[in-house]
Number of protein chains: 2
Amino acid sequence: MTYSEENYLKVIYHLSIGSSKGITTNAIANEMESKPSSVTDMVQKLAEKGLVIYKKYQGVSLTDNGRFTALMIVRKHRLWEVFLLEKLDFSWDEVHDVAEQLEHIKSEKLTDKLEEFLDFPTEDPHGDPIPDREGKIKKVDKKLLSEVEAGKKVICVGVKDSSPAFLQYLDKQQIALGSAIDIIAKEDFDMSLTLRVHDRQMTVSNKIAANLFVKTV
Amino acid sequence: MTYSEENYLKVIYHLSIGSSKGITTNAIANEMESKPSSVTDMVQKLAEKGLVIYKKYQGVSLTDNGRFTALMIVRKHRLWEVFLLEKLDFSWDEVHDVAEQLEHIKSEKLTDKLEEFLDFPTEDPHGDPIPDREGKIKKVDKKLLSEVEAGKKVICVGVKDSSPAFLQYLDKQQIALGSAIDIIAKEDFDMSLTLRVHDRQMTVSNKIAANLFVKTV
DNA sequence: ACTATTTTTTAGGTTAGTCTAAATATTATT
DNA sequence: AATAATATTTAGACTAACCTAAAAAATAGT
């Protein structure tokens, strides 16, 4: 397994979530910031190795073997994210690039020992579930704030838009990872929301709500 | 900096310790389990980048820049070894392969935070010193047991020969990493040593002593 | 249903890092 | 000092992973 093959499998896995159809070479090239022709090459190689199913012009999908391999990479990525945040005091936006490298370290023992050291976390700091060593994965309860109905209580677990402007806005409103949010009301006219965060009441636009990931409690 | 360039620098650094002359392409090829012709290619590339000094048929040596780069890789390798042993309960012989991968992770912040997390260790589990972030490195006081004079007290920090036969022998004699050893006498005839380990007295051959690294206390 | 547009694949080329075999330089031997 | 042995470099080839440009297939528009 090369570094590059692993990256392709990971991207195909992520694109497969939700869409049941074959993943197009264009979609993969886009995600990997490479060219469709390069993707065609690699995808043929992965098909020969039995990791994906590929028919010309029809897109690709993962085999069981390919999915398992992808899940083990995702597992490593998310465990390392927990490590960086909890043990090394990395901030939210700093973990990704480093985890992107660490996910390729090959040692089952390391992965399992790390999981134990972190006390068997079931989700990463963004609220995404961590596959176990058999590849089993908890169903996600992460949603966009805009999709939750009024009256519910939720916890902030991540952002969709991670631009400085948005992060600074959240900072100003004192909304952070782990903040408890009560959804008091939803305005039908513009889909804006009235929230209570840390005993402070506020109103946020639909655009804000559509970029904030929360998990229901 | 590619993975491969980093490995060459690291090997050249290790071979440079002790020998003040230029390092031969053959020596490098040997250490890397590759061919001398491949080494010539790479060494020319490293010379163009100003990391080594190279004149045809004369061997290579590191520039200041090259030495610093090598030291930063050694720093990462040894910090990760400490992490694996102390935090994840890896055993002595399991750390090397994994550290060999982890040493290539590129993130100054990660390295510095890891060092802090481990409480600024100054040597790794084999008794080798860990360079600081400026590349400063403590002088080694690690020696072979056979080179220490009678009467001294030492601590076992590593092995030169790591064959199962030798490790099993040490196990049987209850000599482990960290064991305190008193050197009671040295026999002139065959250079065998009389030792006290854990209040038990024993005699070991020169061959044994010449494969055991210790640090003087 | 036929043409225009877009998507995907094929063909051929590039770079990094490796190799083998041949050529050349250095070192050792007598 | 000349030759034999060894070490090192050069030349040319290979693979993995990428690219561009052209060809082929699929999709969309009228």
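Contact annotation for B:Q44: backbone-only contact, meaning every heavy-atom pair under 4.0 Å involves sugar-phosphate atoms and none involves a base. Across all strands shown, B:Y54 has heavy atoms under 4.0 Å from sugar-phosphate atoms exclusively, and none from any base. Using a 4.0 Å heavy-atom criterion, one finds that A:S38 contacts the bases of the nucleic acid, with or without backbone contacts as well. Backbone-only engagement by A:Y8 is indicated by non-hydrogen atom pairs under 4.0 Å involving sugar-phosphate atoms exclusively.
Regarding A:Y57, its OH atom lies at a distance of 8 Å from the C1' atom of D:dA26, rounded to whole Å. When the C1' atom of D:dA21 is taken as reference, atom NZ of A:K35 falls 12 Å away, rounded to whole Å. Taking atom CD1 of A:I28 as the reference point, atom C1' of C:dT8 lies 12 Å away to the nearest angstrom. In this structure, A:M42 atom CE and D:dT15 atom P are separated by 16 Å, rounded to whole Å. Residue B:E33 contributes atom CD, which lies 13 Å from atom P of C:dT18 at whole-angstrom precision. One can place CG of A:N30 at 14 Å from C1' of C:dT6, the figure rounded to the nearest angstrom. Between the CE atom of B:M1 and the P atom of C:dA16 there is a distance of 14 Å, given to the nearest Å. Between the NZ atom of A:K55 and the P atom of C:dT8 there is a distance of 16 Å, rounded to whole Å.
Taking only side-chain nitrogens and oxygens, A:K56 comes nearer than 4.0 Å to OP1 or OP2 of C:dT10. Proximity of A:T2 to the phosphate of D:dA16: no side-chain N or O atom is located under 4.0 Å from OP1 or OP2.
For B:K113 (side chain) and B:T111 (main-chain N/O), no donor-acceptor pair under 3.5 Å exists by modelled atom type.
Distances from the side chain of A:D41 to the nucleotides D:dC18, C:dC19, D:dA25 place D:dC18 closest. Ranking D:dC18, C:dT9, C:dT26 by closeness to the A:S4 side chain, first place goes to D:dC18. Distances were taken from every side-chain heavy atom of A:N26 (C-beta onward) to each of C:dT8, C:dA16, D:dT20; the shortest belongs to C:dT8.
With a 6.0 Å cutoff to the six-membered ring centre and a 45° limit on the axis angle, B:K160 does not count as a cation-pi contact of B:F213. B:F117 carries B:K87 over the face of its six-membered ring, with the cationic atom under 6.0 Å from the centre and within 45° of the normal.
A donor atom on one side chain and an acceptor atom on the other are found under 3.5 Å apart for B:E81 and B:H126. Side chains of A:N26 and A:T24: a donor-acceptor N/O pair is absent below 3.5 angstrom, by distance only.
Below the 3.5 angstrom threshold, one finds a donor paired with an acceptor across the side chain of A:S37 and the base of D:dT20.
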